[in-house]
Enquirer: 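This is the structure, below, for whatever I ask next.
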There are 2 protein chains.
Amino acid sequence: MSQTHLDPALDRRSQILDAALVCFAKHGFHQASMHDISAEAGISVGLIYRYFENKEAVIAAMADRHKREIQEVLERAREAPTLLESLEILFTAHCCENSPKVLSAFVVDLYAEASRNPQVANLVRDVLQTSMDGVTDLIARSPEGKNAAGGLTPKELSELIFAVARGMLMYDVLQPQEMTEAERRTAQLEVVRRLWRLLFTNTTELVEA
Amino acid sequence: MSQTHLDPALDRRSQILDAALVCFAKHGFHQASMHDISAEAGISVGLIYRYFENKEAVIAAMADRHKREIQEVLERAREAPTLLESLEILFTAHCCENSPKVLSAFVVDLYAEASRNPQVANLVRDVLQTSMDGVTDLIARSPEGKNAAGGLTPKELSELIFAVARGMLMYDVLQPQEMTEAERRTAQLEVVRRLWRLLFTNTTELVEA
DNA sequence: TGACAATGAATGAACGTTCATTCATCTTAC
DNA sequence: GTAAGATGAATGAACGTTCATTCATTGTCA
């Protein structure tokens, strides 16, 4: 719409993946039918097969797009001025960007799929490892990371942070539909700040006291 | 086998649910067919319908059984002599009791289902709330819980602990099949002790120093 | 410019398969 | 003999996938 379409085929693929995200989040990978997706995208079923070999390929492409989106979030987190702000970006990106719950539901489904499909598991593990390495680096470089609580290393801290992030994502899908994006974001930020206090400010405060 | 069967109907139900757990973990709720379940249980398809109204009812019964199992774990955790041991029970119960990954895969699937099925969501939320209340209580009663790091309340600590537990459960499904139960348990225990150091021993150590 | 041919994006009915569910039939226990 | 337990072939709906067909757009030649 806003820009000239350099590659219409890429637009179509994106359009189909956008529709698939909505359908997958609403019904799950294997309960969402190709007809559901085509209806959501406003196109015919057959057209999907012009851009994707089969349903599996749609799922794989979704996972791949998710990988790229996560890497973009990591990039933004890297550029934040403070470690706390980096963490805030990481924790709120997953859960609040799109319409409520859609992304969280998709990611939980992705992990469920990963538990059965080794290819998906490899991709998710790869994304996770890259992200954790990035955050480990972020912590190691930041002044707060030097004297973290409990004598934990940057790597251990990063693992803990990502465990909490995944856990909150799981918690998010239990929330009723009525919760708005803003409410979810607020809840997430509260958790980040609590975690922050715990991991990075406790020791310092005690030393100062 | 080992005991006289007081209620054969209950045995059959358990037998079917045992088989369903294996199939659900292996294929997911909606990809596991009733034939898969009957084959795993060593009975005919039709017999399942004598004990369960339909497939949804099997899923609901599985969720319900899971609820009772979690409550038993909580009971055992309550009876542990120290808070650390309570946490160790809570963190290792989810992931290591049955054959590797089966339980974790089931729980991740349960959360995925909860994101679409409000009834399942209510049940899972209920289990979680009860468990968290129990652990909050456990922390409040324990000597270590009084002077926790970061000035966090028992409720906040409990929320954090359960977020990490859920996060580690998600991480568990990414692990390759080859990992044994013992390896998974060891990995979990390491996380518990790290969390323990962070939450409950840091302040004290510094005061002593 | 206008007439015509070629293209390939897009359609949706149809196909083969799978699956949840049913039920007529058989077996077992007392 | 009868009631309850157990079977698995049969049913029909739903699904992923295919493909003959349509038609707007583009290219070609006069």
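All values derive from a computational prediction rather than experimental measurement. So you know, we letter chains A, B, ... as the sequences are listed, proteins then strands, and number each from 1.
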Enquirer: If you apply the rule side-chain contact (heavy atoms from CB on, under 4.5 Å), what do you find for E159(A) with Y171(B), and how did you get there?
Expert: CA-CA 10 Å; E159(A) 282 171 8; Y171(B) 186 70; over 6 Å; no

Enquirer: Separation of Q31(A) atom CD from dA14(D) atom P, in whole Å?
Expert: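 My rounded result for the distance is 14 Å.
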
Enquirer: With the side chain of R50(A) defined as its heavy atoms from C-beta on, choose the nearest nucleotide among dT17(D), dA20(C), dA10(C).
Expert: dA10(C)

Enquirer: As a test of reading the structure: which of dT11(C), dT21(C), dT17(D) is closest to the side chain of S44(A), going by heavy atoms?
Expert: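 Shortest atom-to-atom distance from the side chain points to dT11(C).
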
Enquirer: From CZ of R13(A) over to P of dA9(C), roughly how many Å is that when rounded to an integer?
Expert: 14 Å

Enquirer: Round to the nearest Å and state the distance from K55(B) atom NZ to dC19(C) atom C1'.
Expert: 8 Å

Enquirer: Whole angstrom is fine here: how far is it from CZ in R12(B) over to C1' in dG5(D)?
Expert: 8 Å

Enquirer: Specify the separation, in whole Å, of atom CD1 of I37(A) and atom P of dC15(D).
Expert: 12 Å

Enquirer: Tell me what A39(B) touches on the nucleic acid: a base, only sugar-phosphate, or nothing, going by heavy atoms under 4.0 Å.
Expert: nothing

Enquirer: How close do S104(A) and D172(A) get, counting heavy atoms only, and between which atoms?
Expert: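 The answer is OG-OD2, 2.6 Å.
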
Enquirer: Please work out if A32(B) contacts a base, only the sugar-phosphate, or nothing of the nucleic acid, heavy-atom cut-off 4.0 Å.
Expert: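 Result for A32(B) = sugar-phosphate.
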
Enquirer: Could you go step by step and tell me if R12(B) and Q15(B) meet the side-chain hydrogen bond (donor to acceptor under 3.5 Å, both in side chains) rule?
Expert: CA-CA 5 Å; R12(B) 270 272 183 260; Q15(B) 180 190 4; 2.5 Å; yes

Enquirer: What is the distance, to the nearest angstrom, from the CG atom on N54(A) to the P atom on dT18(C)?
Expert: 16 Å

Enquirer: Is atom CD of E79(B) surrounded by more than 12 heavy atoms (other residues, nucleotides or ligands) closer than 6.0 Å?
Expert: yes

Enquirer: Between V45(A) and L47(B), which residue's closest nucleotide on DNA chain D lies nearer the 5′ terminus?
Expert: L47(B)

Enquirer: Which of the following nucleotides, dG16(D), dA6(D), dT21(C), is nearest to the side chain of M34(B)?
Expert: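 Output: dT21(C).
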
Enquirer: Taking CD from E53(B) and C1' from dT21(C), how many angstroms apart are they, rounded to a whole number?
Expert: 12 Å

Enquirer: Looking only at heavy atoms, which two atoms of R65(A) and S14(A) are closest? And how far apart?
Expert: NH1-O, 3.9 Å

Enquirer: Would you say Y51(A) places a side-chain N or O within less than 4.0 Å of OP1 or OP2 belonging to dA10(C)?
Expert: yes

Enquirer: Rounding to an integer number of Å, can you tell me how far I48(A) CD1 sits from dT11(C) C1'?
Expert: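 From I48(A) CD1 to dT11(C) C1': 12 Å.
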
